[in-house]
Amino acid sequence: MVPLGQVVQLEKIEPLQGYKLRIVQEVVLALLAKQASHGYQLQARLALALGPLGGALNAGHIYVTLGRLEKADLVRARRVDQAGRPDRKVYELTAAGRERVHEWLSDTSWPKPAPAEFHLKLVAAAAAGLADPVRLIDKQRGELLVGLREAQRAALAEPAGSVAGLLLEGVVLRLQADLRWLEECARYWNAAKG
Amino acid sequence: MTVESETSVLSAQGLCKEYGKGAALVRAVQAVTLEVERGELVAVVGPSGCGKSTLLHLLGGLERPTAGSVRLGGSALERMPEAQQARIRRRDLGFVFQAFHLVDELTALENVELPALLAGASPRGARARASELLAQVGLADRASHLPSALSGGQQQRVAIARALANEPLLVLADEPTGNLDSSATTELLRLFEQLHARGQTVVVVTHDERIAATADRLISMRDGAFVDETKLAGGTARPLSAMAGLEA
Amino acid sequence: MGRLLLIYRLVVGDIKRRPVQSALLAVVIVITATTLTLGLGLRNVAQKPFAHTRAATRGPDIVIQGQPNRGARGTPARAFRPLAHATGVAAIGGPFPLAFARLTAPGIDVPVNAEGRTSTPTAVNQPLVTAGRWVRPGGVVIEQGLAGALGLHVGDRIRLRGRAFRVVGIALQTEQAFYPACTPGLVWVTPGDAGRLATPSDPLGYEVDVKLRHPSAARAFWSTAAANAFSKAASGSTISQSWEAIKSEDYRVVTIDQKALLIGSWLLALLAIASVAIVVGGRMTEQTRRVGLLKAVGATPRLVAVVLLAQNLLLALAGAAAGLLVGWLLVPSFSDPGRGLLGTPPSPTLTLVSMVEVICAAMVMAVAATLIPAARAARTSTIRALNDPARPPKRRPRLIAISSRLPVPLLLGLRLGSHRPRRTVLTTASLAIAVTMIVAAVTLQHEVDLKEQTSSQSGLFISSSIGGRVTHLVWTLGAVLVVLAGVNAIFTMWTTVIDGERPTALARVLGATPRQVSAGLTAAQLLPGLVAACIGIPAGLGLYELAGGHVATAKPPIMLLLAMVPCTLIAVAVLTYFPARAGARRSVADVLRSE
Ligand SMILES: Nc1ncnc2c1ncn2[C@@H]1O[C@H](COP(=O)(O)OP(=O)(O)OP(=O)(O)O)[C@@H](O)[C@H]1O
Ligand SMILES: [Mg+2]
């Protein structure tokens with residue numbers, strides 16, 4: 001059994017080159033749940049799932065992650081001899097690692113949407129008379145639309161049935177939701193302005 | 001006098017449209033000025049009733065402005081007699097509507113060839129062009145279907161093919177995805193991107209963020225006037241991976 | 001109570017919303033009711049006017065006019081006496097002196113026979129005074145048909161061969177057919193006045209009226225011994241006429257008129273039904289969406305049907321009332337030909353029964369035309385009614401293919417016209433009926449003109465001839481038919497414009513000019529017009545034959561008949577121009593926005 005404290009500890013591990021290590025750790029663990037794999041196999045799997053977003057994820061990240069997991073006693077490495085291959089390590093889950101995977105899968109916490117900050121920004125701006133909330137909203141909308149434009153292009157470029165396309169669709173829909181909320185904000189602040 | 005740039009397709013100056021009189025006066029469009037460059041995709045967004053459709057009708061010469069001028073490809077639309085406007089419309093403009101507005105008793109193919117026939121093309125030429133356009137919008141196999149036998153998304157694609165029949169200078173689209181669900185919208189988005197990539201000039205009025213996001217330029221309207229303009233083309237966003245939650 | 005109020009509101013609201021259509025429906029019903037009123041009014045004309053009149057005037061079986069034998073001695077009465085004793089003769093009247101004279105008055109100059117009569121009634125041929133009194137010195141009594149044709153009344157002053165007379169009475173007779181079937185006309189004066197009208201060049205003639213024991217033997221009488229006896233008594237220019245001949249002369253007028261009226265009113269009835277079907281059908285297609293809305297808010301199918309029926313019934317009622325009034329005013333001019341006989345009053349009275357009949361007929365017509373569409377509207381599912389505002393137009397692949405080869409206005413016209421084939425057929429039929437009647441009228445007019453020419457060459461006077469009367473009647477009928485067909489054409493155009501609002505707006509968005517659109521809309525009506533003209537010309541000639549005329553003798557000029565085609569087309573184009581233009585002018589943005 002792995003004490004709960006370890007989970008907290010894991011989250012505090014420094015992010016690596018922009019990727020939230022926690023996710024990569026959990027994902028790597030989950031990917032090992034069925035059978036032991038080489039590091040490069042894990043990397044290929046992830047690259048496929050992330051599609052155009054997986055660009056910065058190289059083999060190095062995977063090995064660093066695996067190293068940390070090994071240290072935390074969540075995986076263990078076995079050495080197999082493989083002709084003509086540089087990588088001879090095969091990683092497999094420990095009992096604690098398996099437990100951890102189950103916990104992760106049954107965790108229903110959701111990356112929080114973040115309207116509060118912008119909302120408070122608008123309220124504060126209006127109260128202080130520093131800026132016109134409607135202008136702020138317009139600016140923000142432009143920003144989000146530029147993002148949407150990019151995400152959408154990437155999504156449309158994905159071939160039909162691509163698993164990475166699903167991720168991009170998620171990004172697009174999230175941005176849409178934010179834009180719709182901005183529309184509501186605009187309506188409110190417009191009315192408040194009189 | 002404004003100096004028109006070489007590449008300007010559409011130029012509207014101080015457009016106003018008022019309906020009614022006295023207490024019932026509605027200023028649907030107020031002092032709108034707009035330049036659209038060749039190959040540009042411009043989206044107009046804004047709350048319901050802010051005058052987007054009216055603006056589009058003014059730009060297409062479907063309604064006469066109370067004040068201001070519209071120049072399309074160099075000719076002043078607002079001063080022309082309607083017959084001449086009609087000629088301009090069939091040569092230089094393509095319309096796409098929220099309600100599709102296909103002719104019920106004509107097949108997809110016949111709907112698409114209609115503008116060419118109206119413009120005096122030979123029946124054979126019109127048919128060939130219509131088949132080609134239907135293939136471009138991915139409906140070659142639905143050519144002989146009546147609109148009633150097509151899904152909303154398919155109908156709208158037929159309508160877009162029809163708008164392109166005479167290779168117009170400018171396509172004006174009013175809420176093209178207003179009656180469509182998300183997956184049909186995706187189909188249409190793809191079509192819009194293709195149009196854009198081919199250099200078709202488009203002005204689109206929309207509620208849909210995704211359609212708006214295909215634009216090079218986004219114009220926000222409120223109470224009949226332009227209140228904000230955002231250049232989307234060339235803008236820098238957060239990296240995609242950040243938007244996907246792969247960053248802290 | 002609340003429901004009644006609701007029905008009232010909906011009905012009145014709809015009539016107000018589409019005032020033109022409502023007015024047109026009312027007009028069609030007014031015209032139909034008028035026709036019916038006319039027909040019923042004429043039905044009131046006595047069935048056997050000649051028999052009645054003959055009985056009332058002790059009509060002669062044989063009328064003989066001529067000079068007594070020059071050799072015969074004594075008074076004319078003695079000269080004709082042998083006739084009274086001829087076998088088969090029951091009684092004789094006369095001899096009465098006859099003077100030929102011209103009757104003149106301001107604007108009048110007609111030849112008449114002035115018959116000398118005393119105040120003692122005779123056993124045979126006693127004219128029946130219908131106005132004023134019987135003859136006296138200086139006072140003339142005029143035959144009723146002649147008085148009607150010349151517009152003479154008791155108290156008027158006239159001249160006979162230049163002598164002043166005053167009209168003292170008007171009378172019916174059966175010694176000759178009434179004017180204008182028989183010319184010269186007939187007037188009565190005292191024998192003294194008759195004698196004064198004679199001149200050496202126009203000496204007095206005499207008339208003897210014979211009553212036979214067996215009136216049916218009138219014709220045979222001439223080939224018997226009586227003829228011998230007569231030829232002993234009279235010589236010179238004798239004219240004789242049997243009562244059958246007189247009757248058939250009289251009836252020639254009445255039957256021709258009645259035939260024309262009968263055929264005319266059949267055509268009118270057909271046209272009226274077509275009109276009501278067009279108008280009601282057209283209104284119903286617009287109603288579908290409204291029906292959907294009503295049902296969506298909870299109206300039962302029955303309520304919907306009641307609303308639809310009620311509004312047409314209301315219009316029918318109004319139309320019937322107006323039609324009754326117009327018909328009542330028109331009846332006298334139509335019944336004119338019968339005025340020379342008894343039992344044909346100049347203005348037939350409209351009985352309560354016939355008024356009820358007219359109103360009922362209008363109601364039945366409105367109900368019949370509304371019932372099917374109303375039932376259909378009430379039965380259609382709410383959603384369908386809401387979703388498709390009108391019955392979706394039928395697709396005609398062949399027509400679409402053909403039209404794409406035509407110039408733009410024809411392309412639009414053909415496609416718009418094919419949307420509502422039944423309505424197009426009805427319009428074609430109504431136009432064809434109108435053309436038929438006009439062709440018949442033109443043919444008749446031409447025959448009459450021909451006759452008038454030949455008769456004026458021979459110096460005979462027939463100004464107000466039978467032909468003229470019938471032509472007047474036929475032209476009047478033709479005019480009514482044309483009005484009705486015109487109303488139909490305008491209405492069909494309206495409904496085509498409304499039906500085609502969306503497609504035409506679309507065509508304009510796609511670059512059709514307003515002129516192309518209105519030309520297209522007009523073309524949609526010109527096609528039926530062309531077909532109608534092509535059917536109507538032979539049909540009109542057929543009708544003429546059917547009504548007893550002879551196209552071969554009428555010889556209507558071919559060019560005139562062929563001119564009917566462009567005339568019809570021009571008329572249709574003119575009638576449909578304004579609705580078509582209105583259709584092409586409506587703001588495209590408005591039409592498309594209202595979707
Ligand atoms: N024919 C007309 N007569 C009077 N007012 C009109 C007419 N057409 C439009 N309006 C008014 O003009 C304003 C703008 O209408 P418009 O249809 O352009 O809005 P919109 O921005 O397209 O709205 P939506 O997003 O709902 O389509 C509205 O207030 C509308 O009520
Ligand atoms: Mg709109």
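Chain naming here is simple, since letters A, B, ... match the order of the sequence lines and numbering starts at 1 in each. Because the structure is predicted, anything quoted here is derived from the model rather than measured.
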Checklist line | Heavy-atom pairs under 4.5 Å with chain B, option from A:Val134, A:Leu173, A:Val171, A:Asp138 with the top count | finding: A:Asp138

Next item on the list: Output yes when B:Asp228 and A:Arg135 qualify as a salt bridge under the 4.0 Å nitrogen-oxygen rule, no when they do not.
Entry: yes

Margin query: Is any side-chain heavy atom of B:Thr214 closer than 4.5 Å to one of A:Gln152?
Written below: yes

Checklist line | Between CG on residue B:Asp208 and CZ on residue A:Arg180, distance to nearest 0.5 Å | finding: 6.5 Å

Next item on the list: Just give me the residue among B:Glu193, B:His207, B:Arg222, B:Arg210 that pairs up with chain A most often, heavy atom to heavy atom, under 4.5 Å.
Entry: B:Arg210

Item checked: B:Leu218 vs A:Leu145 side-chain heavy atoms within contact, under 4.5 Å -> yes

Next item on the list: Count the heavy atoms belonging to other residues, nucleotides or ligands that lie under 6.0 Å from CG of B:Asp223, then report whether that count exceeds 12.
Entry: no

Margin query: Distance check, rounded to the nearest 0.5 Å: A:Arg187 atom CZ versus B:Ser48 atom OG?
Written below: 8.5 Å

Checklist line | Which atoms of A:Gln176 approach chain B - backbone, side chain, both or neither, heavy atom under 4.5 Å | finding: both

Next item on the list: Could you check if a side-chain atom of A:Leu144 sits within less than 4.5 angstrom of a side-chain atom of B:Glu209, using non-hydrogen atoms only?
Entry: no

Check: So which part of B:Ala215 gets closer than 4.5 Å to some heavy atom of chain A, the side chain, the backbone, both or neither?
Finding: backbone

Next item on the list: Check whether B:Asp216 gets within reach of chain A through its side chain, its backbone, both or neither, counting any heavy atom under 4.5 Å.
Entry: both

Margin query: With chain A as the partner, which of B:Leu189, B:Thr230, B:Thr186, B:Val227 has the greatest number of non-hydrogen pairs under 4.5 Å?
Written below: B:Leu189

Check: If you draw a 6.0 Å radius around OH in B:Tyr19, do more than 12 non-hydrogen atoms from other residues or ligands fall strictly inside?
Finding: yes

